[in-house]
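This report refers to the structure that appears directly beneath it.
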There are 2 protein chains.
Amino acid sequence: MKTAAMTHLDGPSVPRRDRFAACIIRNPVSSVLPRGESDRQRSYHKRQKSLTNGSSRGLQIRSTFIGRGLNVQPLRARRRCRYLCSQTRARTSNTKSRQIESFAALPPGSVSPAKRQIKEVKETKATINCVTFPLPGEGPEQQLLKPDEWSYCDYFWADKKDPQGATSLPGFEVLLQKQLKGKQMQKEMSEFIHERTKIEEEYAKNLSKLSLSPLAAQEEGTLGEAWTQLKKSLHDEAEVHLKFANKLHTEVEKPLLTFRGDHFKKDLKKYDHHMADLRKQLASRFASVEKARKALADRQKDLEVKTQQLEVKLSNKTEEDIKKARRKSTQAGDDLMRCVDLYNQTQSKWFEEMVTASMELEKLEVERIEWIQQHLRQYTTLRHETDMFNQSTVEPVDQLLQNVDPSKDRELWVKENKTGEVRPVDMDI
Amino acid sequence: MKTAAMTHLDGPSVPRRDRFAACIIRNPVSSVLPRGESDRQRSYHKRQKSLTNGSSRGLQIRSTFIGRGLNVQPLRARRRCRYLCSQTRARTSNTKSRQIESFAALPPGSVSPAKRQIKEVKETKATINCVTFPLPGEGPEQQLLKPDEWSYCDYFWADKKDPQGATSLPGFEVLLQKQLKGKQMQKEMSEFIHERTKIEEEYAKNLSKLSLSPLAAQEEGTLGEAWTQLKKSLHDEAEVHLKFANKLHTEVEKPLLTFRGDHFKKDLKKYDHHMADLRKQLASRFASVEKARKALADRQKDLEVKTQQLEVKLSNKTEEDIKKARRKSTQAGDDLMRCVDLYNQTQSKWFEEMVTASMELEKLEVERIEWIQQHLRQYTTLRHETDMFNQSTVEPVDQLLQNVDPSKDRELWVKENKTGEVRPVDMDI
């Protein structure tokens, strides 16, 4: 049985990159799950799709981003290893439940197999904060979902204990905090660039003002022209820096500020609530399991007592009582199985959402870094441009300084200021 | 008869440029004067030399500067034209004085030749503000001392009437005012550069301060490194602008400010007083001439009256009286000649000082323009350097932005923040 995604993957006509993308868009988790899970994954996927489509701009899946990192070929090979233990085990629960039913009918006096069974479970798995993990060295070896990628989906399964150990933070919260911090960094960079634009504007204002100063405005001739151009060049410089400031504002500061607007934090909150709800559901299901487990133990104890009473014939109605107790014990066993099944379903759902959501956050972080990289590059480009344009403001000054000519200046000045060129002569008597 | 300077000029072994210099140092005016004047010029030159040596640094003659513009060859040719009329006429005054002596003994009844002579003089020359000029179209044509050079020494012989015409400003004052204005321009340019250094310092201060801002300091990984470098680059930029400011101060602002220090204005004052004194002396000599001229006219009138009396024989002692009147008239003629000679000597001295001083001021102005040109060039050089160094501050940022790698950053972050990679498994009963 193949999922739609897999059919896609097998099709040779689809380009490699698009195949990855298609695979992910259809079902981000399917390719890492055994074939037998495809029905549930499909329904899961439908939910994911609607969830994703419903989310605001900041969080929409871009197929290329998610698809990029998926190493599909090895994952399909690993499928045989049943490394996704939670899902495969869930399918075997019915068999186990039948086992319990059968050992409920064991001859009296023998050690309760149900108890033994539970003891075995406790030895290979441990439930921490309502999540069930295999104990170290127990169960089949788990391989990373996305090896060599340091993908978020592989490293945040446990909750994080705070230093005092009193409370603990879900691993997903750690990812969300990273997002919030990233958002904050992006905002602070924008602020930094804003400060820079202010400095540039101030500099430009001062240069422009000085450029209009009347200082040495009466200098004449070619030297006067060079001087006037030098003063003007400050205005040109001011323009260059003002342009830099404006471009910094529109091409760096603003994009850094507005990338992922106000919706982003709301979207993260939605993720947060969604995952927290699943964890609450899991906790509630776990409580049901515990309760059912206790009920079963009580029933089994009762059955055991009644079986012993039958042996010493303390009561007349014992045979009837034992039948009733056995029925109740069987019911309690069924209850426990239902509860465990519901718990496992919920844990499985949480697992799937964790994989999907963490991969989305991972993609968001890649986007953020690339966005920032792109705009800081724009910053350096603008800086280069500014230096270049700035150089050109001096060139006309250089030109006119080249043309400074004291003789010409004297000629101009003398022509304008001469008093008389007739020289005095001796007086006659 | 050749002056020492001329001998120098004729000597073939002296290089051309040095010959000019030598000529000028020995006698700035000799080469433009007729040979007959060489004795007086030599003594004038001695005065000039001691005057120049005694003057403070700002105004010391630099032989190369004064020598540079002198077109010696044409001047020697022109000597034949006697274009320096004042000096040549001064030598002919004795001949004229003898003429006066002789026509004082003319037979009575004839029109006074002395009166006629004075009338003639008035027709070809005019004395304005005590300086005697040839009337337009009268006397030999004057050629410029330094043709095609627009030299100060050729264009400031007359006094400048102020718009109301009430007072007039000596031409030399116009030259001095140009110097004072030049000094002021130089000072204002220095002020302008000072304002620029302040703007640069302010800019550098702001950049440096922003560079230390903690904004986005928590950005991590390769992006964090690029960001840290970007922030650091502002500090580097600040350093570049601070260096620019410092160099502007020491290499442009200060040289412009200190070029020709406080002594300069004092030196100009000395020039001013010296030339004003000569003009006062000239005025005083002119007054003496006028007075002597009136005395002679009176004596001639007296002699005429007495000669008429002799004709009608009105008196006995007339013969004796006429002899006495003729002697007094001759004495008055001699007096006038002496006064005119003194006047001409003083005017000649003033002329010489005018030529020397105006050429010195001209040289000072060339120096000023070249000094300013040189330092404004230094300004543009520093500006170019600044843009260049500024560019280099962005390069390490570009480098680190090139190295930004979202995968690497994720790896670093996950390694530090992961909560657990063991995935949950289904719970067993």
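Proteins come first, then strands; the chains are lettered A, B, ... in the order of their sequence lines, and each starts at number 1.
- Between the side chain of B:Gln373 and the backbone N or O of A:Leu223 there is no donor-acceptor pair closer than 3.5 Å.
- Between A:Ser213 atom OG and B:Glu188 atom CD the span is 8.0 Å, to the nearest 0.5 Å.
- If you look at B:Phe156 and A:Trp413, their ring centroids are closer than 6.0 Å.
- When the candidates B:Trp350, B:Phe286, B:Tyr379, B:Trp227 are compared by the number of heavy-atom contacts under 4.5 Å with chain A, B:Trp227 comes out ahead.
- Formation of a donor-acceptor pair under 3.5 Å by the A:Thr419 side chain with backbone atoms of B:Ala158 is found in this model.
- With B:Asn344 contributing its side chain and A:Met427 its backbone, the two residues share a donor-acceptor pair below 3.5 Å.
- Checking side-chain atoms of A:Lys125 against main-chain N and O of B:Asp426 turns up a donor-acceptor pair under 3.5 Å.
- Side-chain atoms of A:Glu195 do not come within 3.5 Å of backbone N or O of B:Leu210 as any donor-acceptor pair.
- For A:Thr127, the part lying near chain B is the side chain, with the backbone staying farther off; criterion is any non-hydrogen pair under 4.5 Å.
- With a 4.5 angstrom heavy-atom cutoff, B:Pro214 touches chain A only via backbone atoms.
- Interface remark: B:Ser407 contributes no atoms to any contact with chain A (heavy atom separation under 4.5 Å).
- Under a 3.5 Å cut-off, the side chain of B:Arg410 and the backbone N or O of A:Trp150 do form a donor-acceptor pair.
- Between atom OG1 of residue B:Thr132 and atom CG of residue A:Asp428 there is a gap of 9.0 Å, rounded to the nearest 0.5 Å.
- Judged by distance alone, with hydrogens and angles left aside, the side-chain atoms of B:Arg423 form no donor-acceptor pair with the main-chain N or O of A:Phe133 at under 3.5 Å.
- Chosen from B:Gln218, B:Lys178, B:Gln184, the residue pairing most often with chain A at heavy-atom distances under 4.5 Å is B:Lys178.
- To the nearest 0.5 Å, atoms CG (B:Asp398) and OG1 (A:Thr381) are separated by 7.0 Å.
- Using a 4.5 Å cut-off between heavy atoms, B:Lys231 touches chain A through backbone and side chain atoms alike.
- Both the backbone and the side chain of A:Arg377 come within less than 4.5 Å of a heavy atom in chain B.
- Heavy-atom distances place the side chain of A:Tyr343, and not its backbone, under 4.5 Å from chain B.
- Contacts between B:Leu175 and chain A at a heavy-atom distance below 4.5 Å involve backbone atoms as well as side-chain atoms.
- Looking only at atom types and distance, the side chain of A:Thr393 has a donor-acceptor partner in the side chain of B:Arg383 under 3.5 Å away.
- In summary, the side chains of A:Tyr203 and B:Glu200 do present a donor paired with an acceptor at a separation below 3.5 Å, with no hydrogens or angles considered.
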Where do A:Tyr152 and B:Asn417 land on the side-chain contact (heavy atoms from CB on, under 4.5 Å) test, with the steps shown first? CA-CA 10 Å; A:Tyr152 287 175; B:Asn417 295 279; over 6 Å; no

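- When B:Glu220, B:Gln391, B:Gln402 are compared by the number of non-hydrogen pairs under 4.5 Å with chain A, B:Gln391 comes out ahead.
- Among the candidates B:Ile372, B:Val131, B:Val397, B:Asp405, the residue making the largest number of heavy-atom pairs closer than 4.5 Å to chain A is B:Ile372.
- In this structure, B:Glu421 contributes its side chain and A:Tyr155 its backbone to no donor-acceptor pair below 3.5 Å.
- Both the backbone and the side chain of B:Leu207 come within less than 4.5 Å of a heavy atom in chain A.
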